[in-house]
Number of protein chains: 4
Amino acid sequence: MSGASGAAERPLRADAARNRAKLLDIATQVFATRGIGVPTEEIARAAGVGVGTLFRHFPTKEALLEAVMVRRLETITAKTAQLAAEAEPAEAFFACFRLVVEQSAGKAEFTRALAAAGVDVHASLQESTTVMRAQLAELLAAAQRAGAVRPELGLPELIALIVGTGTATEQLATDPVARERVFDVVFGGLRPH
Amino acid sequence: MSGASGAAERPLRADAARNRAKLLDIATQVFATRGIGVPTEEIARAAGVGVGTLFRHFPTKEALLEAVMVRRLETITAKTAQLAAEAEPAEAFFACFRLVVEQSAGKAEFTRALAAAGVDVHASLQESTTVMRAQLAELLAAAQRAGAVRPELGLPELIALIVGTGTATEQLATDPVARERVFDVVFGGLRPH
Amino acid sequence: MSGASGAAERPLRADAARNRAKLLDIATQVFATRGIGVPTEEIARAAGVGVGTLFRHFPTKEALLEAVMVRRLETITAKTAQLAAEAEPAEAFFACFRLVVEQSAGKAEFTRALAAAGVDVHASLQESTTVMRAQLAELLAAAQRAGAVRPELGLPELIALIVGTGTATEQLATDPVARERVFDVVFGGLRPH
Amino acid sequence: MSGASGAAERPLRADAARNRAKLLDIATQVFATRGIGVPTEEIARAAGVGVGTLFRHFPTKEALLEAVMVRRLETITAKTAQLAAEAEPAEAFFACFRLVVEQSAGKAEFTRALAAAGVDVHASLQESTTVMRAQLAELLAAAQRAGAVRPELGLPELIALIVGTGTATEQLATDPVARERVFDVVFGGLRPH
DNA sequence: TATGAATGAGGTTTCATTCAT
DNA sequence: TATGAATGAAACCTCATTCAT
C-alpha cells in the first residue's frame with residue numbers, strides 16, 4: 001500500500017507534479033472563497049502558471065473542480081478511517097461527523113457538490129464518494145448498535161445532516177462559540193431521545 | 001395601507017404591473033429550478049415579454065434576484081406573523097422554523113442569499129431580512145421563556161440552523177419520511193436536554 | 001412565387017435584415033479572398049457590426065459558412081435555370097458549365113465545399129446541392145441526347161470536372177487568355193471524340 | 001552522394017537522420033489525410049518523438065510543410081525525368097501528366113500549395129518547383145513538336161490543368177472508372193482538335 | 001540531443017445591458 | 001411603453017513555440 005490512492009498513471013516530472021499540486025491547492029482555496037464562478041485564468045495566475053499549464057493538467061474547468069473534490073474527499077476518508085480505528089463507536093461517530101463538517105466548512109460550492117454526490121457525478125468522483133458513504137454507513141451502524149444514535153436514522157439523512165450542518169457552521173465562521181452550540185443541537189438531536 | 005413595503009414610486013399602469021408580477025413569478029420559479037445562472041433572456045421569454053421590458057422593471061439582473069427574494073421574504077414574514085399570533089409560543093416557534101425551512105427548500109441559491117443576509121445586501125433586502133430577524137428573535141425568546149427551547153441558543157445560531165436544515169431537506173426532496181427524521185433530529189436537539 | 005427562395009421564417013426587422021445581408025456579403029468576400037481561417041471577429045468588423053450581432057444571426061462559424069454557400073448555390077441555380085430555359089441543349093450545357101465554374105472561381109474553399117457536397121453536409125446545404133445536381137443531370141442528359149457531349153460521361157465526373165476547372169482557372173486569374181484556353185481544352189474534351 | 005538534394009549542413013547523426021525521415025513520412029501522410037490543421041504535437045506523437053524533436057528538425061510548422069512538399073516534388077521530378085528519358089515525346093507527356101496528378105491526388109492542401117507555387121514560396125520550395133516547371137516546359141514543347149498536343153497551349157495553362165485534374169480526380173477517389181473518364185476528357189482536349 | 005511541460009496570444013462563443021424601432 | 005437587435009467584455013479552450021530537465 002505504498003502508493004497513495006490517487007496513483008498517477010505515469011511518474012510525472014518533478015516540476016509538473018509541483019505545478020499540479022499547486023494548482024489543486026490554489027483551486028481548492030479560490031473555489032472555496034470566491035465560488036466556482038472564478039475565471040480559470042485567475043486560478044492559473046494565482047498558482048503562478050499560464051492557462052495552458054492549467055489546461056494541460058485539467059482539460060476542462062469541470063475536470064479541475066472534480067479533481068479538487070476528489071482530493072478533498074480522499075483526505076477526509078483517510079482521516080475518517082484513522083479516527084474510526086482508534087476510538088469507541090460512539091466517540092468515533094461524532095468525531096467523524098464533526099471532521100467531515102469541518103473539512104467541508106467554508107467551501108459552500110463543494111458542500112453542494114457533495115450533496116449532488118449520489119446523482120450525476122463522473123467516475124473518479126463517484127468512486128471517492130462511494131468509499132466515503134461506505135465509511136459513514138459503517139460508523140452509523142456501529143454507533144447505533146452501541147446505543148449512541150437514534151436507531152431509526154438512515155444513511156441518507158445522516159449525509160443530509162452533515163451537509164446541512166456544514167452550511168450552518170459556514171455562516172458562523174467568526175463565532176466559534178455559536179458554532180459549538182450548533183453542534184450541540186445537532187449532536188443532541190442525533191442521540192436517542 | 002396604500003404604500004406596501006416596496007413603496008411604489010408611481011401607480012404603474014395596469015399592464016406594466018401585470019408584466020412585473022409575471023416576471024417575478026417566472027423568475028422565482030426559473031431561478032429555483034435552474035439556478036441563478038440562467039440567461040436573463042430566457043426569463044423574459046418564459047414570461048412572454050422582451051428583454052427590454054425585463055430591464056425596464058429591474059435595471060439589473062441582481063435587482064431582479066433581489067426582488068424575488070424580497071417578495072419571498074415578505075410572504076414568509078406574513079405567514080410567520082400569523083402563526084405567531086395564533087399559536088402557543090412553543091408550537092409557534094417550531095411551526096415557524098419548519099415554515100421558513102420549507103419555503104426556502106428547493107431554492108438553494110435563495111438559501112445562500114438568505115445566508116449572506118447580514119452581510120452585504122441592498123437596502124430593500126436589508127429591510128425585509130431585518131423584519132424577519134426581529135420576528136425570529138421574538139419567537140425564540142418566547143419559546144425559551146416557555147421552556148421549550150434551550151436557553152443558551154442565540155439568534156445567529158437559530159438562523160444558521162434554519163439555513164442548514166433547508167440545505168439538508170433539499171437533498172431529501174424525494175423522500176418525505178427521511179426529511180421528517182431530519183426535522184426530528186433538529187427539533188429534538190433544540191429542546192432543552 | 002412572390003417569396004424568394006430563402007424565405008425568412010419571420011419578417012425580420014429592416015435593420016436586422018440589412019445586417020444579415022451585409023454579413024453574408026462580407027463573409028462571402030472575405031472567405032473567398034482570405035480563406036475560411038479568418039477570425040470571426042474580423043468578418044464582424046468588416047461588416048461594421050459587433051461579434052455579438054454576427055453570432056445572433058449565425059450561431060456558429062460553420063453556420064455562417066453554410067449560409068454563404070447556400071446563398072451562392074441559390075444564385076447559381078437561379079441563373080442556371082434561366083440559361084437552361086433560354087438556349088439549345090448544347091449551348092445551354094456549355095454556358096452553364098462555364099457559369100458554375102466562374103461563379104465559384106476565386107473561392108477556393110467554397111469550391112472545396114461544393115466538392116464535399118454529396119458527402120456530409122447539413123440539411124439546408126444538402127437541399128441546395130440537390131437542386132443543383134438535378135439541374136446539372138438534366139442539362140447533361142439533354143446535351144448528350146443532342147450529341148454534343150460524350151455519351152459515356154456521368155454526373156459525378158461532370159461535377160468533378162466543374163470543380164477541377166474551377167481550381168484550374170482560379171490560378172490563371174490574371175491571364176484571361178490562358179483561362180480561355182483551359183476552357184477550350186475541357187470543352188474540347190467533353191465533346192464526342 | 002554525400003550532398004543530397006537538401007544540402008545537409010552537417011552529416012547528422014544516424015538516429016537524428018532516422019527521426020527526420022520518420023517525421024517527414026508521417027507528416028506527409030497526416031497532412032494528406034487530415035489536412036494541414038492537425039496540431040504539431042499529433043504529428044510528433046504519430047512519429048514517436050516529442051514535439052521538441054520535431055521543432056529541432058523543422059523550426060516552424062510551415063518549415064515542416066515546406067519540407068514535405070519539397071520531398072514530394074523531388075520524388076515526382078525524379079520519376080518524371082526517368083519517364084521523359086525512356087519514352088516517345090507524346091507518350092512521355094501524357095504519362096507525366098498523369099504521374100504528377102496522381103502523386104498529388106488525395107493531398108488537397110498540397111495541391112493548393114503547388115498552385116501557389118509561382119507566388120510566394122520560400123527558397124527551397126522555389127528551387128524544387130523551378131526544376132519541375134522546367135521539366136514540364138520541355139515535355140510540353142516536345143509533345144507539341146510531335147504534334148500530340150495543341151500548339152497554342154502554354155506552360156501556365158498546363159500547370160493549371162494538372163492542378164485542376166488533381167482536384168477533379170480527388171473527388172472520385174472511390175470510383176476508378178469515373179476517374180479514368182476524367183482523364184479521357186482532359187487528354188482528349190489536350191490533343192489538337 | 002530528446003523530451004514533454006510551460007507559455008500565452010488568439011479563436012470561438014455567451015450574455016448582461018443599451019438603444020433604435 | 002414594449003420589443004428584440006446590437007454591443008462588447010469576458011469566458012473557455014487550443015496550439016505553435018520555447019525551455020527546463
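Letters A, B, ... are given to chains in the order of the sequence lines, protein chains preceding strands, and every chain is numbered from 1. Values below: every heavy atom of this structure, side chains too, minus hydrogens, waters and symmetry copies.
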NE2 (H57(D)) and CG (L23(D)) are apart, to the nearest 0.5 Å, by 6.0 Å

Separation of L54(B) CG from R45(B) CZ (nearest 0.5 Å): 12.0 Å

Taking any heavy-atom pair under 4.0 Å as a contact, classify [X]: base, sugar-phosphate, or nothing.
X: V51(B); result: base
X: N19(A); result: sugar-phosphate
X: T53(D); result: base

Quickly work out the [X] [atom1] to [N] [atom2] distance and round it to whole Å.
X: E41(B); N: dT18(E); atom1: CD; atom2: C1'; value: 13 Å
X: L23(A); N: dA6(E); atom1: CG; atom2: P; value: 8 Å
X: K61(D); N: dT14(F); atom1: NZ; atom2: C1'; value: 11 Å
X: R56(D); N: dA20(F); atom1: CZ; atom2: P; value: 14 Å
X: I36(D); N: dC15(F); atom1: CD1; atom2: C1'; value: 14 Å
X: F58(A); N: dA11(F); atom1: CZ; atom2: P; value: 20 Å
X: L54(D); N: dA2(E); atom1: CG; atom2: C1'; value: 12 Å
X: R45(A); N: dT7(E); atom1: CZ; atom2: P; value: 13 Å

Output the single nucleotide from [options] whose closest atom is nearest the side chain of [X].
X: T40(D); options: dC12(F), dT3(E), dA16(F); value: dA16(F)
X: F55(D); options: dT17(F), dC15(F), dC13(F); value: dT17(F)
X: A16(C); options: dA6(F), dT7(E), dT17(E); value: dA6(F)

Reference residue D25(B); test salt bridge (charged side-chain N to carboxylate O under 4.0 Å, His left out); the match among R72(B), R20(B), R71(B): R71(B)

Under 4.0 Å from OP1 or OP2 of dA6(E): is there any side-chain N or O of H57(A) that close? yes

Here's a test of your reading of the structure: between D15(D) and G52(A), which maps to the more 5' nucleotide of DNA chain E? D15(D)

Assert: residue with more 5' nearest nucleotide on DNA chain E, out of G50(D) and T60(B), is G50(D)

Side chain proximity check, F31(C) to L64(C), heavy atoms < 4.5 angstrom: yes

Taking for G48(C) and for R18(A) the nucleotide of DNA chain F with the nearest heavy atom, the one nearer the 5' end belongs to G48(C)

Assigned partner base of dC19(E), Watson-Crick or wobble definition, under 3.5 Å: dG4(F)

Any ion pair linking D15(D) and K22(D) (charged N to carboxylate O, less than 4.0 Å)? no

